[in-house]
Protein chains: 2
Amino acid sequence: MSKPRAKLTDNFPGCPVESTLSFLDGKWKGVILYHLLEDGTLRFNELRRRIPSVTQRMLTKQLRELEEAGLVERTVFPVVPPRVDYKLTPLGLSLEPVIAALRLWGKEHVICENGRKYMVMPEAKTPSKAA
Amino acid sequence: MSKPRAKLTDNFPGCPVESTLSFLDGKWKGVILYHLLEDGTLRFNELRRRIPSVTQRMLTKQLRELEEAGLVERTVFPVVPPRVDYKLTPLGLSLEPVIAALRLWGKEHVICENGRKYMVMPEAKTPSKAA
DNA sequence: CCGGATCCTATTTGATACTG
DNA sequence: CAGTATCAAATAGGATCCGG
């Protein structure tokens, strides 16, 4: 702990971009947020089923980080067997446009099948030239 | 090589989100893209000056990854001293709405000063949790 | 059902020195 | 100026077992 690597970037113009990305960091936060946006409230194992290749440990971990960031709310029901619900906080919900933008770009420019990635160049399909 | 960690997620609904994020992954890609969007073309050290805490090694690495992803174009001028320009490809430019969304959210919900992060809740205007 | 605790490996990043 | 090369540290992620 002698020298904590700069957790975030410098306070420079690009900072807001990095700040936002820092909340989406980790292998599963994007999908988690996506599913919570879609379904509203999900239990732990419901989330797990929607993200088959995530391990219990990592799902827990990423959910805790999202919770700590104030994006996700965790509700524990004192019942047996245990029941824990996850849903987005207002702050989490406010990420909707961000997730939407990420999703849109992915749908337009990446073909994702069977775990493989293929790029789709912009001119090949839509000549939406904004340059 | 026995079991390569799934590089990407499953081909599930959240996939486009994850795909896009995978291109922005790494500590500096966000800022790099931001600055290239802002300034159009930048030389290596110009980029470095805009991102003071990035190391030479990392800047090179991330730029190479962006190049390989087809988002950034690298131009080497055969002169002495060397000159290398970086600019976005059309595909890279198409990320503009994504970066804009990330940036907007960051500006609205995160205060980033002196390397510290403070959240700004959507309803409460004052960050009562800042400790 | 929802985790926490351990252990272990892979990947990422940083520090530093060197080069055409 | 724009990198490479090496080494070491830190982190992330996965596998597995345990527990209320």
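Just so you know, these numbers come straight off a predicted model, no measurement behind them. Letters A, B, ... are given to chains in the order of the sequence lines, protein chains preceding strands, and every chain is numbered from 1.
Applying side chain to side chain contact (heavy atoms under 4.5 Å, CB included) to B:L33 and the options B:L93, B:I99, B:V98 leaves one that passes, B:I99.
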Output one line per pair: protein atom, nucleotide atom from nucleotides 4-8 of chain C, and distance, for all N/O pairs under 3.5 Å.
residue	atom	partner	partner atom	Å
C:dG4	OP1	A:R64	NH2	2.7

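A salt bridge does not link B:R64 with B:E68: none of the charged nitrogens is closer than 4.0 Å to a carboxylate oxygen.
Distance CG/B:D25 to CG/A:L21: 9.0 Å, rounded to 0.5 Å. The structure places NE2 of B:H109 at 7.5 Å from CG of B:L104, a figure rounded to the nearest 0.5 Å.
The distance from atom CZ of A:R49 to atom P of C:dC1 is 8 Å, rounded to the nearest whole Å. Between the CD atom of A:Q62 and the C1' atom of D:dG14 there is a distance of 13 Å, given to the nearest Å. Taking atom CD of B:E67 as the reference point, atom P of D:dG3 lies 9 Å away to the nearest angstrom. Rounding to whole angstrom units, CG of residue B:L63 and P of C:dT13 are separated by 13 Å. The distance from atom CD of B:E46 to atom C1' of D:dA2 is 13 Å, rounded to the nearest whole Å. For the pair A:D25 CG and C:dT12 C1', the computed distance is 11 Å after rounding to whole Å. Distance, A:L59 CG to D:dG13 P: 13 Å, rounded to whole Å. The CZ atom of B:F77 sits 11 Å away from the P atom of D:dA2 (whole-angstrom rounding).
Clustering of Ile, Leu, Val, Met, Phe, Trp and Tyr side chains at separations under 4.5 Å places A:F77 together with A:V79.
Only A:P81, A:P82, A:V84, A:Y86, listed by number, bring a heavy atom of residues 80-87 of chain A to less than 4.0 angstrom from any atom of DNA chain C.
Recorded end-axis angle for the helix from C:dC1-D:dG20 to C:dG20-D:dC1 stands at 50°, based on five pairs per end and rounded to 10 degrees.
B:E46 meets the side-chain contact (heavy atoms from CB on, under 4.5 Å) test with B:L42, B:R43, B:R49, B:R50; sequence neighbours excluded. In this structure B:E96 satisfies the side-chain contact (heavy atoms from CB on, under 4.5 Å) test together with B:L37, B:A100, sequence neighbours excluded. For A:E73, the salt bridge (charged side-chain N to carboxylate O under 4.0 Å, His left out) test picks out no residue, with sequence neighbours left out.
Contacts of A:E65 with the nucleic acid, taken as non-hydrogen atoms under 4.0 Å apart, are absent.
Residue-to-nucleotide proximity on DNA chain C shows that, of A:R43 and B:M58, the 5′-proximal contact is made by A:R43.
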Just list the side-chain donor-acceptor pairs under 3.5 Å for residues 82-92 of chain B, sequence neighbours left out, or say none.
residue	atom	partner	partner atom	Å
B:R83	NE	B:D85	OD1	3.3
B:R83	NH2	B:D85	OD2	3.1
B:Y86	OH	B:R74	NE	3.3
B:T89	OG1	B:G70	O	2.6
B:T89	OG1	B:L71	O	3.2
B:T89	OG1	B:L91	N	3.3
B:T89	OG1	B:G92	N	3.0

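Closest approach of B:K27 to A:E18, counting heavy atoms only: O-OE1, 2.8 Å. In terms of heavy atoms, B:A101 sits closest to A:P97 at CB-O, 4.3 Å.
Of the side-chain N and O atoms in B:K27, one or more sit less than 4.0 angstrom from OP1 or OP2 of C:dG14.
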